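Nothing here was measured: the structure is a model prediction, and the numbers come from that model.
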Amino acid sequence: MSDSYRTIDPQALPKHFDAENVEQALTARWEAAGLYHYDPSRPRDETFIVDTPPPTVSGNLHIGHVFSYTHTDVVVRYKRMRGLNIFYPMGWDDNGLPTERRVQNHYHVRCDPSLPYEEGVELEKASSKVKKKPPRMLSRPNFIEACETLTKEDEKAYLALWQRLGLSVDWRQEYSTVGGHCRKVAQLSFLDLMAKGHLYSSDAPTLWDVDFQTAVAQAELEDRDLASTFNDIAFKVEGSDEEFIIATTRPELLPACVAVTAHPDDERYKHLFGKRAVTPLFNVPVRIFPSDVVDMEKGTGILMICTFGDQTDVQWWRDETLPLRQVIGRRGRLLQIEYGTEGWESLDAEAANRNYAEVAGKRPEQARKRILEMLGEAPEGGQAPLRAQKPINHAVKFFEKGDRPLEFIPTRQWFCRLMDKKSDLLARGEQVQWHPAFMRDRFSLWTENLQFDWCISRQRYFGVPFPMWYRLDEQGQPDYADPLLAAPEQLPVDPTTGVPAGFEEAQRGQPGGFVAESDVFDTWFTSSMTPEISSHWGIDDERHGRLFPADMRPQAHEIIRTWAFYTIAKAMLHEGQVPWHNVVISGWVVQGKDKISKSKGGAKGLTPHELMDKFTADGVRYWSANARLGVDTAFDENMFKTGKRLVTKLYNASKFALMQEAPKGPITRELDKGFLAALQRVVDEATKSFEAFEFSPALKATETFFWSSFTDSYLELAKVRARSEDDPEGRASAVAALRLGLEVLLRLFAPVLPYITETVWGWAFAEERDAPSIHAADWPSAALFEGIAGPQRAGSFDAATACLGAINRSKTAANVGVARGITSMQLAAPQALLDDLAPVRDDVWAAAKVGQFEIVVDEALSGFEVRAIEFEPKPEKKK
RNA sequence: GGGCGCAUAGCUCAGCUGGUUAGAGCGCCACCUUCACACGGUGGAAGUCGCAGGUUCGAGUCCUGCUGCGCCCACCA
C-alpha cells in the first residue's frame, strides 16, 4: 500500500464525458467478466430472484419499455451491491396474436393445422406482388418455425437496447415463450391441472370474436361505449289481441328470441306470466315468465330473451332451461334457418321463412337494419310492430384487440375452475407485498368480481397446442369426455403431428382412431408460468427448489387482472404457494393525456436510442428512476436534460476531487467529519428507501446531497485546505474526506447511473478497494464511516454551509453594488470549526471584500444561527 | 353504478408517523468566461397547498362532504 493516493490528471482525460463509447466498452467488459451471472451454488437466502416481464417482441421499441425495465434494473443493482446473488432472466414474448399477424403479413403465409409438417421450408419476406396471390399455407410446426425466425430479428433489437440501457440481465437465462422450453412447461402445467381435476371442457355459450374466430376470456374484455337505439317492438299475446311492448337494442336477434320476462312485482305485466307471447315477423310462441333480475325502470320493463344477446340471456337460458335458437354463426353472420322444423316452430312457418330469407347470411348490423324496416311495415288494417325508437349510448363488450362486438356463441371450450377458489386467491393476494400497497385493491376487486371460470382454449393456429387427442368411435365421432393425454416425456408435442401412445399415424382421423385437439392455449396460460419457466418447474426439481418462489415481480398496473392474477392462480394450483413475495408496479409514461404504448405508436419524437444519443444512457435511466412507483410519469425532455447534467457534473466533480494530491492521512478536522456525517444521513435514508423498493426517494436524497452539499458547498469549503502547503495535517484530512465522500456518492448513484459511476470508479477506487467494478462493490455501510463521523456531527457541516451561503450572498451583493460599508465577518463557532473555515473565509474574503454577518454555532455542533446580515435593500425594480 | 388514485410556483413533481417564515428541477430575471465543470457558477422573483366544513394549542399533512381529472371494474335488455 503506497502512502499517497492514486490521483488523476484532468488534462489527460477527455474534456467531456464520452458516453457513447463508454457505454459500448463497459457493456462489453461487464459481459466478458460475467458480472451479472447467477451463481447456483449460493444458498437461497443470499439470492434475489426476479420474475422479469417478457416484452412482446413484435411491438416497436418505445420509451415506455425503457421506463419500467430501468426500474427493475435499479432495484437489482442495489440488491447486487447488498451482496446478493442475483437471478435476473430475460424472456421474449413471441407467443400470441401480434406475432401471428406479423408473421402472416411478413411472409404472406397462413397456418392450417391439418397440413403435415414439411422439412426445410425456406421463407422470404413477401413483396407486394406476392401478396396479391393467395397466401402460402403452412403446417402448425412450420408456422411456429417461421415465428421463431422472424422474432429472432426483433429480439436482437431488444437485446441491443437492453444492453445499452445497462440492464444487468444474466443473458444465459433467456427464454422465448414460443420456444420448446416454454411450450413444454405450459403443457406440463396443463397435464398437472388435468391430473388435479381443475380443468373441464364444456359446450356452452362463450364470448366469441367473429373476426379472430376464437373464444376469449373475461380478462381480455373491454367495454366500449357505442351509440345505439332502443327499439320499442310490439309482441302479441298468444290467442288474443292483447299486445305488449318490449324494448331492445338488438332487434336482429328477434329470430333468436326464446322467452319474454318481466319483474314479478310489475303490475303492468303480472297477468301475462304463464301465457305465451308471439314474436312479430316470425310468429314464434315463447314463454312469458317472471324474473327479479329485471329492472322495472329500464326500457318498458318487459324484455325479450334471445340466444344470446348478453350474459343475462345466458343466465336465463340456463336457469329456465330455455330452448337454443342460435342465429349468429361463428363468422358473425346470420345462419340459414328453416322454420317449421324441430326447434324452429312457428305459428306461420311460411311467413317466418319469407321474412328470415331477408336477413339470412347478413352481418348483425345489416340484419338489424332490414328487420327494423320490416317491423316498420304495418300489416293490413293493423299497426306496425315497431312503435318507437330512442337513441342511447351504452357499453358493449369487445375483445381488447378486436374491432367488432363479441357474440355469445355455443362452442366447445376448455376451462380452468377458478370461481370456487376466490377466497383462496384473495388470501394469496394478501401474502404478496404490493408496491405501492394500494395496488392490491385492484387484484382483490378483480378476484371478488370474477364471473366465469378461465377459458383457456383458443381457436387459433399459432400458440402452444393442447397436448391432447380424442378417441374416435366407430362412427368417427370424437369422445370428448375421455381425452388421450400426452405423456410428459413426449413434451413439447404438437398433436396435429404427434401421435398418442398406443396409436399410429395411420389412425389419425379414422373411425376407431384418434383426432388431435386443434385448439391452442390462451397466451396467458403460458405467460402465467414465467416464474416456473425460469425455475424449470417439472423439469429440474433441484433448480426449481432454488428459484421458486421469486422475490420480485415487476409489472404494469393494467395487467394485474391478467398477468399477476393468473400467475398467482397457477402457483397456487400447482405448488400451493405464492409465485413471488413482492409485486413492484410501474406507472405509465404519458404524453399529454395519452399513454405511450405500442398500440398508440410510441412516443412522438425521439426513439430510445436517439434519447440515449442525446442524453446518455445514464441520463435516460435518471429520468426513469425519478418516478415514484405506480405513478404515471410525463414524457418530458427537461428531465432527461437534468439527468445528463447530473452525469456531466459527476464527471467534472470527480475529476476535481481525484486530482487533489496529499499523503494519506486520517480524517481529523471538524468540517470534514461534519461533511461525512451529513453524508451518512443520506446513506441511511437511501438504504431505507431502497429496502422498500422505492428507488426514487433514494435517488432524490443522493442527488440533492451531491449538488448542494458536495459540489456547491464541500468542494468549495475544502479545496483551499486541500491545496494548502502549510497545513499538511489539515490537507490530508480534507483530501481523504473528499475522496471518501466521492466514493460513497458513486456507490449511492451506481444503481441508477451505472456508466458514469463505473468510469470514475475505474480512475482510482477499483485499485484502492481491489474491486474491479463498482457494481460488484458493496453498498455503502456504516463500516465505511467507522471512527470518522457520527450522524450527530452533521450540525457543523450545516453551519459551514450556511457560512458559505452568506459569503456568496455578500459577493453577489457586492457585485450589484449595494453592500457599501460592510467590511468584516464574524463567525462565532467552536475553534475547531473556525480553523477549518478560516482559509475559506480569507480566500473568498479577499475576492469579495464585503459582507458583515455572524454565524453562531452551538457548542454541541448540532445547530447554528445566522445573525445580522446587513445589506442595503435592493433598489426597487424599474418597471 | 362500484373501487382506487391524483389535485402544491408558469411547467414537471417532492413533501414520512400533523410542529416554527411550504421545497426541488426546468423556465424566468440579474450578475459572473475564477482554479473540475458555460453541457457551468452565484443570487433573485414567483404558491390564498382544488373547494367547504370539522378535529387540534397548531393542518399541505388527520376526518367529513363537495368539485374536477385519470385509471380499474360493472348485468350491456
Side-chain angles (χ1 to χ4, degrees), chain A residues 8 10-11 13 15-17 221-226 228 230 246-250 253 261 293-295 298-306 309-316 392 394-397 405-406 436 438-446 448-449 451 557-558 560-561 587-588 590 593 595 615-616 619 626-628 630-639 641-660 685 688-689 696-697 700-701 703-704 707-708 711-712 715-716 719-720 723 805 807-817 847 874 877:
Chain A
I8 54 143
Q11 302 303 316
L13 290 167
K15 169 95 171 140
H16 298 304
F17 179 52
L221 305 184
E222 75 182 27
D223 285 354
R224 294 184 200 161
D225 269 327
L226 289 190
S228 182
F230 247 141
I246 61 108
T248 180
T249 56
R250 299 203 60 184
L253 290 178
T261 186
V293 180
V294 177
D295 179 354
K298 202 158 182 173
T300 55
I302 189 163
L303 61 111
M304 67 168 181
I305 298 169
C306 307
D310 61 32
Q311 177 60 23
T312 327
D313 283 349
V314 175
Q315 192 188 318
W316 278 312
I392 56 158
H394 67 162
V396 178
K397 280 196 196 317
L406 292 166
F438 66 79
M439 287 294 179
R440 177 185 283 122
D441 296 340
R442 297 259 179 113
F443 174 83
S444 302
L445 196 70
W446 173 258
E448 282 161 14
N449 292 331
Q451 292 183 71
H557 48 79
E558 82 278 18
I560 289 175
R561 67 170 178 168
W588 291 338
V590 291
K593 275 188 175 180
K595 173 195 173 194
F615 300 109
T616 80
N626 240 303
R628 249 163 66 245
V631 175
D632 296 348
T633 288
F635 179 82
D636 179 2
E637 282 211 11
N638 274 329
M639 286 300 285
K641 215 161 100 185
T642 307
K644 186 179 182 188
R645 216 165 67 91
L646 174 62
V647 171
T648 303
K649 193 69 175 177
L650 259 167
Y651 185 72
N652 290 317
S654 300
K655 271 201 268 189
F656 182 64
L658 293 177
M659 67 189 271
Q660 308 304 327
E685 195 182 334
K688 206 172 130 197
S689 295
S696 112
K700 265 279 183 327
E703 186 194 3
T704 303
W707 279 109
S708 83
T711 67
D712 294 355
L715 285 182
E716 298 297 330
K719 70 183 180 189
V720 180
R723 289 183 297 212
I807 291 169
N808 281 328
R809 272 189 296 277
S810 71
K811 280 167 75 176
T812 301
N815 286 329
V816 298
K874 270 185 140 182
K877 262 189 189 171

Which string of ( ) [ ] | and . matches RNA chain B, if you list each base 5' to 3' and count Watson-Crick or G-U pairs only when both distances are under 3.5 Å?
(((((((..((((.....[...)))).(((((.......))))).....(((((..]....))))))))))))....
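The two residues A/Asp712 and A/Glu716 come nearest to each other via the heavy atoms O-CG, 3.2 Å.
Residue A/Asn449 holds its CG atom at 12.0 Å from CZ of A/Arg561, rounded to the nearest 0.5 Å. From A/Asn638, atom CG reaches atom NZ of A/Lys641 across 5.0 Å, with rounding to the nearest 0.5 Å. Going from atom CZ of A/Phe615 over to atom CE of A/Met639 covers 12.0 Å, rounded to the nearest 0.5 Å. With rounding to the nearest 0.5 Å, the separation of OG1 in A/Thr633 from CH2 in A/Trp588 is 12.5 Å.
The interatomic distance linking A/Asp441 (CG) with B/rG2 (P) rounds to 16 Å, in whole Å. Remark: C1' of B/rA36 and NZ of A/Lys719 are 9 Å apart, rounded to the nearest angstrom. Going from atom CG of A/Asn652 over to atom C1' of B/rU34 covers 15 Å, rounded to whole Å. Summarising the geometry, the separation between CZ on A/Phe656 and C1' on B/rC35 is reported as 7 Å, rounded to the nearest angstrom. At whole-Å resolution of the value, CG in A/Asp712 and C1' in B/rA36 are 14 Å apart. Atoms CE (A/Met439) and C1' (B/rC71) sit 9 Å apart, rounded to a whole Å. Spacing between atom CD of A/Glu716 and atom P of B/rG43 amounts to 11 Å, rounded to whole angstrom units. Atoms CD (A/Glu448) and P (B/rG2) sit 16 Å apart, rounded to a whole Å.
Taking for each of A/Phe438 and A/Asn626 the nucleotide of RNA chain B with the nearest heavy atom, the 5'-most of the two is the partner of A/Phe438.
Within the structure, every side-chain polar atom (N or O) of A/Lys649 is placed at least 4.0 Å from both OP1 and OP2 of B/rA38. Dashed line: the shortest gap from a side-chain N or O of A/Lys700 to OP1 or OP2 of B/rA24 is not under 4.0 Å.
Distance check on atom P: B/rA45 versus B/rG40 gives 23 Å, rounded to whole Å. Across the C1' atoms, B/rA30 and B/rU12 are found 25 Å apart, a figure rounded to whole Å. Rounded to whole Å, the separation between the C1' atoms of B/rG47 and B/rC11 comes to 14 Å. Rounded to a whole angstrom, the distance from the P atom of B/rU61 to that of B/rU8 is 13 Å. Spacing of P atoms, B/rA59 relative to B/rA22, comes out at 13 Å, to the nearest Å. As rounded to the nearest Å, B/rG15 and B/rC62 have C1' atoms that lie 16 Å from one another. On the C1' atoms, B/rG58 is 22 Å away from B/rC51, given to the nearest whole Å. The gap from the C1' atom of B/rC32 to that of B/rC13 amounts to 30 Å, rounded to the nearest Å.
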Base-contact (B) and sugar-phosphate-only (S) positions in nucleotides 72-77 of chain B, heavy-atom cut-off under 4.0 Å, - elsewhere:
SSBBBB
Name the atoms and distances for all side-chain donor-acceptor pairs under 3.5 Å in residues 650-660 of chain A, with sequence neighbours left out.
{"unit_1": "A/Tyr651", "atom_1": "OH", "unit_2": "A/Pro14", "atom_2": "O", "d": "2.6"}
{"unit_1": "A/Asn652", "atom_1": "ND2", "unit_2": "A/Thr648", "atom_2": "O", "d": "3.2"}
{"unit_1": "A/Ser654", "atom_1": "OG", "unit_2": "A/Leu650", "atom_2": "O", "d": "2.5"}
{"unit_1": "A/Gln660", "atom_1": "NE2", "unit_2": "A/Phe656", "atom_2": "O", "d": "3.0"}

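Put simply, the side chain of A/Asp632 never gets that close to the backbone of A/Gly587: no donor and acceptor are under 3.5 Å apart.
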Which protein N or O atoms sit under 3.5 Å from an N or O of nucleotides 25-27 of chain B?
{"unit_1": "B/rG25", "atom_1": "O2'", "unit_2": "A/Thr642", "atom_2": "OG1", "d": "3.1"}
{"unit_1": "B/rC26", "atom_1": "OP1", "unit_2": "A/Arg645", "atom_2": "NH2", "d": "3.1"}
{"unit_1": "B/rC26", "atom_1": "O2'", "unit_2": "A/Asn638", "atom_2": "OD1", "d": "3.0"}
{"unit_1": "B/rC26", "atom_1": "O2'", "unit_2": "A/Asn638", "atom_2": "ND2", "d": "2.8"}

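In this view, A/Arg645 satisfies the salt bridge (Lys or Arg N to Asp or Glu O under 4.0 Å) rule with no residue, not counting sequence neighbours. Judged as a side-chain contact (heavy atoms from CB on, under 4.5 Å), and not counting sequence neighbours, the contacts of A/Pro697 are A/Ser689, A/Glu694.
A 4.5 Å side-chain heavy-atom check between A/Thr248 and A/Leu303 finds every atom pair outside the cut-off.
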